[in-house]
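Have a look at the structure below before the remarks.
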Amino acid sequence: MNYQLLYFASLRDAAGRVEETVASQARDPRTLYTELAARYGFNPTNTHLRVAVNSAFAMWDHALADGDEVAFLPPVSGG
Amino acid sequence: MNYQLLYFASLRDAAGRVEETVASQARDPRTLYTELAARYGFNPTNTHLRVAVNSAFAMWDHALADGDEVAFLPPVSGG
Amino acid sequence: MSGSAPRAMDGCLRDFQMHTSVFTLSYSPIDAAALRRGIEGLGIGAAVVFEGRVRDHNDGRIVLGLVYQAYAELAKAEGARIMDEARERFAIERAVCVHRTGELALGELAVWVGVCAAHRDAAFAACRYVIDEVKVRVPIWKREHYADGDAEWLHPAD
Amino acid sequence: MSGSAPRAMDGCLRDFQMHTSVFTLSYSPIDAAALRRGIEGLGIGAAVVFEGRVRDHNDGRIVLGLVYQAYAELAKAEGARIMDEARERFAIERAVCVHRTGELALGELAVWVGVCAAHRDAAFAACRYVIDEVKVRVPIWKREHYADGDAEWLHPAD
């Protein structure tokens, strides 16, 4: 399936891109993150991150659909 | 002794004056207030009031000196 | 803007590093924008401002306006004590409070409290402390004018 | 002033009686004076404003400036939820929060929260609630530039 990935903050710097479309066999964010972590050198553990699918917070085992927009969110530091 | 009296809020309305100099035998604010309450129809009990002498909060049994400025302060309602 | 508040604030701006606290009375309208500039600064991460305004109703009665009367000398002394206490109790940089006196129309600012600090905990706590203490300790009295023609001094039971 | 914040505020002023809460992001500098006018009103006795600003130091390092990056769509949605929660939990009239994005210089406003209410208890509590929740829930990230040439994203441990 194809996913629209968005990257923010340190993950954006590590991936070297703001967004991209990836083709992946992953069916949930957990598996997708593991793929991307291997590709870009992200921290392989994901316990510090949150997941958003289609601009809404989602669970790590959320069932992804083709074309979904997915973002892995580092701890926030606004305010 | 002569005292410089200042009146505020409802006591100013009841006394019909902002300030005045009074000659009194009173030697403390408690006695002075009793005199003024009788003269102007103030509430004879003073438990709701505070006393200031020479622009500082004072006790009801403060020893007054000739020329002291005395004010009896109703509960405040600023802010 | 005339009145003592803006002048006090100009002083803050001129002597930027001066840690200070200011309490003043203002017979003329309070200039919130000028006061706000007095609590800015490069070392300051957080500012909290409280504004008390004249409401059009109180306790179910329609209010047309009000008068604040102050025992000015004692009010300024007691207000200064409160500001000093706020500086002692909380890790703040500056605290400013201006209380209006005289006749106020609906919507006008009655009191302005501004506190700045490195962090927001102290700024919130100090701002709250100042307004709470000012309301119960500073000799200022409010007389409300009501739509029914009545007017009265507010003397909350202690 | 351009940006969505002033426009949101104009809306508040036009429809005065509308009880509302607003969360926006602003790429241009935050106009605190314009925002403040959005929380005025004749039924309002208390207003509390929190301002977060760019400090010249953090954790002992000298800061030269910073960048806020936001996941805009989710940030606006989560921010709106926080404002709604504040309205549900506290007896307030209006709550407004604007968070800056992009490059900020020292002293610039990073975030502005304004709440107005009939009474100060609710105004203080709601203002505090909004900034506390925004800081931990809204997907916005800060990258500080330091005097030693380093720069890093701040990702506080959860």
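From a predicted model like this one, the values you see are computed outputs, not experimental measurements.
Ranked by non-hydrogen atom pairs under 4.5 Å with chain B, the options C/E73, C/E152, C/R100, C/R143 are led by C/E73.
The distance from the CG atom of B/L6 to the OH atom of C/Y71 is 5.0 Å, given to the nearest 0.5 Å.
Formation of a donor-acceptor pair under 3.5 Å by the B/S77 side chain with backbone atoms of C/H155 is not found in this model. Judged by distance alone, the side chain of C/W141 and the main-chain N or O of B/F8 form no donor-acceptor pair under 3.5 Å. Looking only at distances, a side-chain donor or acceptor of B/R50 sits under 3.5 Å from a matching main-chain atom of C/R137.
When heavy atoms are compared at a cutoff of 4.5 Å, B/A9 approaches chain C by way of both its backbone and its side chain. Proximity to chain B (any heavy atom under 4.5 Å) is restricted, for C/A70, to the backbone atoms N, CA, C and O. If you measure heavy-atom distances from B/L73 to chain C, the contacts under 4.5 Å come from both the backbone and the side chain.
For CE of B/M1, the number of neighbouring non-hydrogen atoms (other residues, nucleotides, ligands) closer than 6.0 Å is greater than 12. Counting non-hydrogen atoms of other residues, nucleotides and ligands closer than 6.0 Å to CG of C/D59 gives a total of 12 or fewer. Surrounding NZ of C/K76 are at most 12 heavy atoms belonging to other residues, nucleotides or ligands under 6.0 Å away. Counted within 6.0 Å of CD on C/E103, heavy atoms from surrounding residues, nucleotides or ligands total 12 or fewer; the atom is thus considered open.
Side-chain contact between C/E78 and B/F57 is present, with heavy atoms from C-beta onward closer than 4.5 Å.
In terms of heavy-atom proximity, C/L74 sits nearest to B/A52 at CD2-CB, 3.7 Å.
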